[in-house]
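Since the structure is predicted, the reported quantities are computational estimates derived from the model, not experimental observations. Quick note: numbers below take in every heavy atom, side chains included, and nothing from hydrogens, waters or symmetry partners. Below, chains carry the letters A, B, ... as their sequence lines are ordered, and counting in each starts from 1.
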Amino acid sequence: MSALLEVKDVVTAYGKIEALKGVSLEVQQGSITCLLGPNGAGKTTLMMSTAGILRPRSGSIQFAGAEIAGAAPHAIVARGIALVPENRLVFPGMTVTENLRAGAYQRADKAEIEAHIERMFARFAPLKARATQLGGTLSGGEQQMLSVARALMSRPRLLLMDEPSLGLAPLIVDEIFRIIAELNKDGTTIFLVEQNAHMALKVANHFYLIEQGKVTFSGDPGSLAEDEVIRRAYLGSARA
Amino acid sequence: MLVDLIQNTLDGLTAGAAYALLAIGFTLIFGVLRRINLSYGPAIMLGCYAATWFHVQFQVGLLVLAALTLAATVLAGAYVERLCFAPHRDRSAIAAMVASFAIWMQLEELATLVLPNHLYAFPALYEGGPLSLGPFTLRAEALVMFAVTVLACLALQRLLYRSRFGLSVRAVIDQPVAARLVGINLPWVFVRVFAVASALGAVAGYLIVASAGQVTPMLGMWSTLKGMLAMMLGGLGSLPGAIVGGLALGLIEAHSQWFFGPQVRDLTAYFLLFALLALRPSGLWTTPRHG
Amino acid sequence: MDDYVTGVLTNIGLFSFLALSAYLLLIAGEMSFGQQAFFGVGAYSGGILTAIYGLPLPVAALVAMLLGSLCAFLVGLPTLRLRGLYFAMATLAAAEMARILFELFRFQRQIGGELVGPDGTQGFRGIRWVFERGVEPAGYLALVWGLLLIALVVFLLMERSRLGATLRAIGEDPDLARSCGISVERFKLGVAAAAGALAALGGVLFAHHNTYIEPRNFDIMLGVHSLAYALIGGLGTAFGPLLGVMVDLGVLEGSRVFQGYRMIAFGGLVAILLIFRPRGLLDEKVVHWLRARFS
Amino acid sequence: MAKSALFLILALASLPASAQRAQAELACTPSNTDFAYHCVVRLSRGGQPLPGADVSVGADMPSMPMAHNVRPVKAKPGKAPGEYQARLDLEMLGEWAVKLRLRGPVNDQLILHYDFDEKGARPVIRSGRLPRK
């Protein structure tokens with residue numbers, strides 16, 4: 001395996017406050033890599049920096065050998081990265097089908113897009129029944145599925161997922177993680193941010209702990225006792 | 001009494017059609033950029049002035065005038081976008097708005113330099129008198145205004161719902177962060193939105209000056225104010241809302257003018273806007289927003 | 001000093017009151033398109049009190065300021081919970097309503113054999129208190145700038161106090177301020193009332209300088225200009241708005257050789273300035289640097 | 001003829017009204033330069049011409065009087081008593097509020113509204129009931 005994504009010494013700041021204070025990590029080709037940490041540790045900031053929504057102040061982000069730090073989001077999507085954002089951010093005033101079509105915005109193969117949408121409906125059955133409904137009227141779980149499906153429509157090599165289980169009922173969380181494992185089996189590399197460490201450790205090949213803008217631990221599931229991981233993921237070691 | 005009411009309604013809808021067109025252009029820019037473009041009206045005014053200048057010099061025909069208005073307005077709109085909005089993309093909305101105000105001053109001065117009189121004749125769309133329908137009268141320009149407004153709305157509808165550009169515009173209005181995440185090139189969308197909005201504004205401006213038969217430098221401020229007012233009445237950033245807001249503004253103005261006179265007409269419109277903002281800031285007509 | 005220089009300097013002073021009024025709201029995080037209305041309220045009420053009721057100017061100015069702040073309070077009450085552009089639009093609507101009400105306002109009395117008082121769109125002539133007392137332009141200039149100086153000193157004291165810090169905290173992040181136990185709404189109402197009084201004072205002085213006012217004096221152009229001044233000059237210090245007015249009127253007057261082209265040059269300059277300095281010439285950074293340097 | 005008759009009527013009408021205050025009237029003709037006018041100011045008080053005043057003439061735009069104004073010029077005594085001549089350099093055509101600052105026998109400021117076009121200047125009479133465009 002080789003590193004598909006290589007983050008080195010990335011610093012991202014909001015004004016004077018540095019949310020990332022030099023983060024370095026790697027996501028191996030074909031893996032599910034998970035980033036765990038308490039609220040405000042910088043997980044979402046790292047996701048947004050990788051997707052190009054935020055511009056890192058310094059450091060390098062390499063994707064498949066090419067530097068992408070500071071590139072515009074549309075250029076990063078074109079390289080094969082898609083982000084399923086925190087809180088899902090579906091297009092509330094557009095139908096489910098249109099949401100999916102927007103996901104394929106950079107693709108020109110019209111017929112293949114429509115076929116791809118049908119495949120998404122097959123995979124995410126609840127969406128099919130809601131095809132003509134507005135995104136804003138879906139339930140939280142359905143919105144999460146839509147957000148994942150929309151990201152897949154760009155046929156990414158690397159799927160970034162920011163808190164996909166946030167605010168969802170346990171049954172739906174199970175479903176989401178089943179989908180994550182399935183996508184990975186089909187060849188998509190996944191970089192996952194989670195609060196739900198228990199579920200994340202079940203699917204991940206590798207995980208990082210991030211606390212106060214710095215990576216504090218890196219290892220495979222099992223290299224640290226799960227309750228220790230969970231404690232640090234929720235509370236951080238500093239406060240423990 | 002009833003005749004007057006219906007006549008006022010007709011007049012109001014006519015004015016409202018023009019307001020709706022102005023409001024759609026204004027709303028497109030606001031919805032996509034979340035910025036207020038005070039230079040929206042002045043760009044339209046400059047377009048109309050450019051056409052008038054050609055008319056004064058060369059006596060060109062109606063269609064050429066319309067094309068000139070369109071071209072000059074889009075050009076002025078592009079200038080506004082480059083100078084006031086592109087540089088402030090990720091920054092202060094206030095700075096962008098004040099910049100657009102500065103450019104307003106510039107455009108207005110430019111127009112009055114080229115044509116210094118306070119008033120210029122603009123070739124009318126139709127030379128004959130008003131058409132009468134039973135007890136009611138309707139100006140031929142009003143029919144043209146309606147027809148063009150409906151056509152423009154249909155064309156916009158097609159553009160927004162049947163094209164890739166339309167998909168990107170709606171995505172940016174709906175959820176700007178997600179729009180960037182699916183790979184929409186925001187700056188490029190902005191440029192094209194400005195062009196479309198300017199074109200719609202030019203159509204509205206041309207119809208307004210052609211039915212009034214004259215241009216004055218007031219057209220700039222007037223268009224910005226009416227477009228903004230209609231947009232606010234319909235709910236910020238909603239395109240169907242802009243149409244409803246425009247028609248509503250026209251109706252309110254026509255009826256309150258008939259009942260209370262011209263000054264109270266403006267007063268009513270502003271009062272309504274104020275009351276709406278204080279009581280129901282999301283507007284009369286809003287798209288559902290959950291999640 | 002000839003009449004011209006005195007006139008320009010007086011105008012700079014008069015405008016500064018309005019720009020300061022807009023600035024006060026801007027640092028509290030609100031953009032008002034409607035401060036010209038309170039300027040108008042001050043001009044009309046002050047003019048009526050001296051020209052019709054024969055009250056001395058200082059008394060008229062005090063009453064006008066009270067009235068201006070009362071109006072601003074009443075406008076602020078239902079609108080200050082609105083955010084950003086919504087508030088801007090609401091204040092714009094209120095100000096245009098005020099302008100139209102001035103157009104409808106007729107209140108004339110026979111004074112010395114002449115009809116004096118607001119006469120709708122015909123305006124309000126004969127606000128002569130200053131001229132009848134033989135105050136020369138230079139004297140009036142000193143009065144305007146004296147009052148402006150007092151206002152500036154109050155601003156500077158405020159900005160150094162806890163009050164100023166609270167104000168900027170509210171302006172930067174109202175939610176955070178609220179979570180720190182600051183009563184944001186009440187604070188903003190106070191700010192709006194103070195800004196209204198400041199604008200009204202400028203209005204009284206303007207009416208007595210010009211002897212004549214009309215509703216068109218108080219249209220949206222005036223309001224947008226005052227906003228622009230605060231922004232060009234900078235949001236870092238109360239000297240910012242003053243600098244903005246000076247830059248504008250200074251460049252305008254200095255470029256009279258360009259005749260009709262001066263607004264073209266000026267408009268472009270402002271737009272370009274805002275690209276490089278989006279919070280104005282004297283923004284918070286520059287002010288911080290200057291303070292560190294000179295204190 | 002008609003003009004001077006009108007002038008007379010106006011002067012008579014204002015005779016009892018203002019014995020103390022000065023009245024002014026303006027007559028302007030365009031010059032060779034764009035937007036520049038030769039203006040004659042007729043000052044009167046109580047119906048009598050008012051000579052010997054120190055008059056400066058400026059002009060404001062009705063909206064934005066503080067920013068859009070014309071540099072005031074000193075008027076020279078004209079041909080007849082009570083007449084003063086000045087050259088007004090405007091920025092554009094349209095409505096201007098002409099501002100007369102008087103010193104000497106009277107200390108006052110008068111504002112006159114005139115509409116300037118290619119032919120000259122006419123006083124603006126607004127009914128207040130006309131719709132604004």
Side-chain angles (χ1 to χ4, degrees), chain B residues 30 34-36 38-39 42 79-80 82-84 86-88 91-110 112-113 116 221 224-225 228-229 231-232 236-237 260-279 281-283, chain C residues 26 31 33-34 75 77-79 81-104 120-121 215 219-221 224-225 227-232 235 248 259-280:
Chain B
F30 182 82
R34 294 278 141 185
R35 299 276 189 276
I36 285 199
L38 291 174
S39 261
Y79 173 68
V80 171
R82 286 291 95 190
L83 208 55
C84 305
H88 298 286
R91 300 193 306 202
S92 156
I94 302 182
M97 194 198 67
V98 171
S100 78
F101 168 70
I103 296 306
W104 167 352
M105 301 284 98
Q106 220 184 14
L107 297 180
E108 205 167 279
E109 186 98 8
L110 192 68
T112 48
L113 260 183
M221 183 170 174
T224 294
L225 271 182
M228 198 149 70
L229 206 55
M231 173 180 90
M232 295 300 303
L236 276 179
F260 310 111
Q263 279 153 338
V264 178
R265 171 196 68 189
D266 292 351
L267 193 65
T268 323
Y270 286 117
F271 178 74
L272 217 80
L273 174 58
F274 185 82
L276 254 177
L277 280 168
L279 300 174
S282 54
Chain C
L26 275 176
M31 175 173 61
F33 269 50
V75 171
L77 210 54
T79 55
R81 65 193 165 80
L82 299 173
R83 287 212 172 171
L85 294 168
Y86 288 88
F87 177 74
M89 292 299 106
T91 47
L92 168 68
E96 284 294 281
M97 272 156 64
R99 185 182 56 74
I100 297 166
L101 288 175
F102 292 146
E103 285 183 0
L104 296 169
T121 49
D219 68 7
I220 166 131
M221 274 293 177
V224 182
H225 264 94
L227 261 183
Y229 290 150
L231 216 63
I232 294 166
L235 298 179
D248 182 12
Q259 284 275 352
Y261 298 91
R262 61 184 195 161
M263 283 312 282
I264 296 182
F266 182 68
L269 261 164
V270 171
I272 292 166
L273 170 80
L274 286 171
I275 295 175
F276 296 107
R277 304 208 65 86
R279 279 180 80 80

Looking at C:Gly268, C:Gly120, C:Pro278, which makes the most heavy-atom pairs under 4.5 Å with chain B?
C:Pro278
Approximate separation, where rounding is to 0.5 Å, of B:Tyr270 OH and C:Arg99 CZ
6.5 Å
Which atoms of B:Leu38 are under 4.5 Å from chain C, going by heavy atoms: the side chain, the backbone, both sets, or neither?
side chain
Only pairs of heavy atoms separated by less than 4.5 Å count here; which of C:Ala95, C:Ala228, C:Ala94, C:Ala93 has the most with chain B?
C:Ala93
Within the 4.5 Å heavy-atom criterion, are C:Leu92 and B:Leu273 side-chain neighbours or not?
no
Taking ring-ring contact (aromatic ring centres under 6.0 Å, His included) as the definition, give me every residue that meets it alongside C:His225, ordered by chain and number, with sequence neighbours left out.
B:Phe101, C:Tyr229
In terms of heavy-atom proximity below 4.5 Å to chain C, should B:Leu225 be classed as side chain, backbone, both, or neither?
side chain
Would you mind checking which part of C:Ile232 comes under 4.5 Å of any heavy atom in chain B, side chain (CB onward), backbone (N, CA, C, O), both or neither?
neither
Mind ranking B:Phe271, B:Trp104, B:Phe274, B:Phe30 by heavy-atom pairs under 4.5 Å with chain C and telling me who comes out on top?
B:Phe274
Measure C:Met89 against the heavy atoms of chain B and call it side chain, backbone, both or neither at under 4.5 Å.
both
Side chain, backbone, both or neither of C:Leu231 within contact of chain B (heavy atoms, under 4.5 Å):
side chain
Using the test side-chain hydrogen bond (donor to acceptor under 3.5 Å, both in side chains), find all partners of C:Arg279 that sit at least two apart in sequence or belong to another chain.
C:Glu284
Look up atom OG in B:Ser100 and atom CZ in B:Arg35, then write down how far apart they are to the nearest 0.5 Å.
11.0 Å
Side-chain contact, heavy-atom cut-off 4.5 Å: B:Asp266 with C:Glu96?
no
